[in-house]
Structures are given as C-alpha cells and as structure tokens.
Amino acid sequence: MTEWNETKCGFIAILGAPNVGKSTLVNRLVGAKVSIVSPKVQTTRTRVLGICIENAAQLIFIDTPGVFAPKRRLDRAMVASAWGGVADADSVLLMIDATRGLDADCTIILKKLQEQKKTCMLAINKIDLVDKQKLLALAERLNETGLFSDIYMISAETGDGVSDLLARLVDNAGPGPWMYPEDQISDMPSRLLAAEITREKLYLQLHQELPYATTVETEGWEERDDGSVTISQIIFVEKPGQKAIVLGKGGSKIKTIGESSRRELTDLFGRPVHVKLFVKVREKWGDDPERFRDWGLDFNA
Ligand code: GDP
Ligand code: MG
C-alpha cells in the first residue's frame with residue numbers, strides 16, 4: 001500500500017431491475033463469488049458488499065436487491081435496502097438489461113434516480129445477446145435522459161467492456177484511506193454466505209414460485225480435528241407439500257442440492273466441507289422479524 005502516494009476509496013451502489021446481472025458484475029469485479037446468481041428474479045435479498053483493489057483504489061460495490069414494485073413484506077424490505085444502498089454510496093451505477101431495454105421496472109428507477117443528487121453511470125449489460133444496431137438505439141435513448149455521466153456497454157458474463165468500466169470507476173474514486181483490510185472481499189459472515197450458497201442451489205433446482213417460499217439458515221458450524229468443517233443448515237418452506245418437493249423422490253433432490261452446495265463451499269473456503277441439510281415447515285417465515293434481522297433488512301420498511 002505504501003507504493004502509492006495517495007490511496008483512493010470509492011463506494012459504488014449497483015442498482016437495477018431484477019435479473020439485469022448486478023450480482024454477476026459484482027462477482028466479476030471482485031474476482032470471486034460474493035453474491036449468489038440465478039436465472040430467477042429477486043435472488044439477492046439483502047445488500048451485499050463486494051470489495052476489490054485496483055492500483056491505488058479500493059472500490060466497494062454495494063450489490064442491491066432488484067428494485068421493483070413491492071408486494072410482500074420481504075419485497076418492501078428489499079426495495080428499501082436497495083435505495084438505502086444508494087444513499088450510502090458515493091456514486092451509482094445503473095444497470096440495464098440490453099435484451100429488455102427500457103421496461104416498466106427501468107422507468108420507475110429512472111424517475112427515482114432523478115430525485116437523487118448523485119453521479120450516475122450507466123452500464124448496458126448482456127451485450128453478448130443483442131445486435132449492435134439495437135444496442136446503439138437503446139444507448140441513444142438513455143443518453144437523451146441526461147441522467148448519466150458515462151454509458152458503458154458490457155457483458156458481465158463474458159467480461160466484455162468491464163475493464164473500461166473499472167478504469168473509470170478507479171478514476172472517479174476520491175482520495176481517502178481504504179475502508180477494509182486488503183484481503184477482504186466481502187462483509188458477509190461465513191455462516192450467512194454458506195446459507196446463501198445453498199439457497200442459490202435451491203433456486204437452480206426448484207421451479208416457478210417455490211424458490212420464493214424457501215429460505216436457508218445455517219444452524220450449526222462444527223470444526224473438525226482433520227481441518228474440515230460440518231455445516232448444518234435448515235431449509236424452511238411454507239407448506240408440507242413444498243417439503244416433499246424439496247426432498248424429492250427418496251430424498252434425491254435434497255441430495256443433489258447438498259452435494260452441489262458442498263462442492264462450491266469446499267472451493268470457496270479452501271477446505272473440506274460437509275453439508276447437512278434439513279427441511280422444516282414454517283408457515284410464516286416471510287413474516288418473522290428474526291429472518292429480516294439475519295439479512296440486515298428492515299422488518300418495518
Ligand atoms: P441480478 O438479479 O441483477 O443480480 O442478476 P444476476 O447477476 O443474478 O443474473 C441474472 C441472470 O442473468 C443469470 O442467469 C446470469 O447468469 C445472467 N447474466 C448476467 N449477466 C449476463 C451477461 O452479460 N450476458 C448473459 N448472456 N447473461 C448474463
Ligand atoms: Mg442479484
């Protein structure tokens with residue numbers, strides 16, 4: 001750190017409709033998985049910090065839950081958390097999905113952004129999926145809003161365009177001390193991260209509305225003498241019928257989920273991990289203040 005005359009630090013909130021690729025971008029910038037990703041909307045439930053160091057600058061990304069029209073209590077809390085992230089940040093990076101363009105979700109966000117007095121950059125993501133002509137037309141329309149200092153076209157998935165964006169973020173960062181230790185890439189405790197990884201596997205295995213009826217909690221964390229760790233987790237569902245689906249025929253589904261969670265956690269923690277999964281019915285976990293506390297969400301949002 002001493003090789004730099006002056007360190008820089010920047011807090012950047014990443015905002016956007018569900019599924020535009022916010023978490024994918026944060027993971028790519030950080031160079032490790034700090035935020036779970038799935039093809040389903042509203043995978044990210046809470047504010048996740050991803051931290052990276054680029055030359056003299058420490059960049060702290062706030063990956064927010066997608067901003068959308070809230071219905072349930074959990075949805076309201078997630079929206080409040082996303083805008084809270086904006087308030088905390090030095091600058092805002094709005095992400096738009098090039099395949100969806102300016103949809104209803106996006107219009108709501110643009111309107112609210114106009115009220116915030118923040119430097120706002122735009123990243124049009126998933127450019128690997130659309131043709132150039134369509135992309136330029138979209139960029140032109142967004143440029144006309146006058147809201148953005150810069151517009152970048154990227155693919156968070158392939159990495160295309162991401163280094164230009166990163167270079168600009170480093171330029172924008174103000175002088176200041178680094179806020180986190182050099183080797184820290186997230187602020188998420190291991191127990192919560194472990195629960196999130198299992199939740200991602202659940203989201204990938206379950207269909208339609210069922211993922212949203214589930215949540216995962218790490219209940220036990222047992223260090224073994226051989227250097228391995230046994231992580232016990234409970235998957236909460238809302239109804240007995242859902243429990244049967246999560247278990248699968250002869251327990252086959254939960255076995256698949258546990259196995260793929262175990263593999264990724266072993267990789268993430270760099271040590272052998274055993275995962276024990278249990279399924280429990282808790283009818284109203286979505287209205288339980290304790291769940292909200294775990295995620296750092298405001299129950300009364
Ligand atoms: P979030 O809800 O905004 O955090 O979105 P995610 O990061 O969870 O991504 C949603 C889905 O879009 C996932 O299936 C990602 O793999 C996919 N995705 C993200 N970025 C890109 C991209 O640049 N190109 C393509 N083709 N898919 C992407
Ligand atoms: Mg996300």
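We count ligands from 1, going down the list as the structure has it; atoms in each ligand are counted the same way.
- Between Pro18 and ligand 1, no pair of N/O atoms sits closer than 3.5 Å.
- Of the candidates Asp63, Leu15, Thr24, the one placing a heavy atom closest to atom 15 (C) of ligand 1 is Thr24.
- For a distance threshold of 2.8 Å, the protein N, O or S atoms nearer than that to the Mg ion (ligand 2), listed by chain and number, are Ser23 OG, Thr44 OG1.
- Residue contact annotation: Val20 has a non-hydrogen atom under 4.0 Å from ligand 1.
- Under 4.0 Å from ligand 1, heavy atoms of Asn19 appear from its side chain as well as its backbone.
- Taking the ring centre of Phe299 as origin, the terminal cationic atom of Arg73 falls inside the region bounded by 6.0 Å and 45° from the ring axis.
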Would Leu165 and Leu25 count as a side chain to side chain contact (heavy atoms under 4.5 Å, CB included) if you check the C-alpha gap in whole Å, the side-chain angles of each, and the deciding distance to 0.1 Å?
CA-CA 11 Å; Leu165 170 65; Leu25 178 65; 4.2 Å; yes
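- Here Lys33 does not pair with Asp267 in a salt bridge; the nearest charged N to carboxylate O distance is not below 4.0 Å.
- Asp128 and Ser155 are linked by a side-chain donor-acceptor pair at a separation below 3.5 angstrom, with hydrogens and angles left out of the test.
- The ligand atoms of ligand 1 that sit less than 4.0 angstrom from a heavy atom of Ala156 are 20 (N), 23 (O).
- When heavy-atom distances to ligand 1 are checked against a 4.0 Å cut-off, Leu129 comes that close only through its side chain, counted from C-beta outward.
- Taking every non-hydrogen atom of Ser155 and a distance limit under 4.0 Å, the qualifying atoms of ligand 1 come out as 22 (C), 23 (O), 24 (N).
- Remark: Phe269 engages Trp221 in a ring pair (Phe, Tyr, Trp, His ring centres under 6.0 Å) (not counting sequence neighbours).
- Of the protein's non-hydrogen atoms, the one nearest atom 12 (O) of ligand 1 is Lys126 NZ, 3.2 Å.
- Among residues at least two apart or in separate chains, side-chain hydrogen bond (donor to acceptor under 3.5 Å, both in side chains) pairs with a member in residues 209-219 are Arg45-Thr215, Glu217-Arg291, Thr218-Gln233.
- Ligand 1 has at least one atom lying under 4.0 Å from a heavy atom of Ser38.
- Interface of Gly21 with ligand 1, defined as ligand atoms under 4.0 Å from a residue heavy atom, comprises 1 (P), 3 (O), 5 (O), 6 (P), 7 (O), 9 (O), 19 (C).
- A side-chain donor-acceptor contact under 3.5 Å links Asp63 and Ser23.
- Residue Asp128 has at least one heavy-atom neighbour below 4.0 Å for each of these atoms of ligand 1: 22 (C), 23 (O), 24 (N), 25 (C), 26 (N).
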Side chain to side chain contact (heavy atoms under 4.5 Å, CB included) between Asn125 and Val20, worked out
CA-CA 7 Å; Asn125 189 35; Val20 298; 5.7 Å; no
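- One finds no salt bridge joining Lys112 and Glu115 here, because no Lys/Arg side-chain nitrogen approaches an Asp/Glu carboxylate oxygen to under 4.0 Å.
- The salt bridge (Lys or Arg N to Asp or Glu O under 4.0 Å) analysis of residues 222-250, with sequence neighbours excluded, yields the pairs Glu223-Arg271.
- In this structure, atom 22 (C) of ligand 1 lies nearest to the protein heavy atom Glu157 CB, 3.3 Å.
- The closest side-chain donor-acceptor pair between Thr99 and Asp97 falls under 3.5 angstrom.
- Below 3.5 Å of separation, one finds no N or O of Thr43 facing any N or O of ligand 1.
- For the pair Thr158 and ligand 1, the shortest N or O to N or O distance does not fall below 3.5 Å.
- Short contacts between ligand 1 and Asn125, defined as distances under 4.0 Å to a heavy atom of the residue, involve ligand atoms 20 (N), 21 (C), 23 (O).
- A salt bridge does not link Lys201 with Glu259: none of the charged nitrogens is closer than 4.0 Å to a carboxylate oxygen.
- Considering every non-hydrogen atom in both Arg262 and Val275, the closest pair reads CA-CG2, 3.7 Å.
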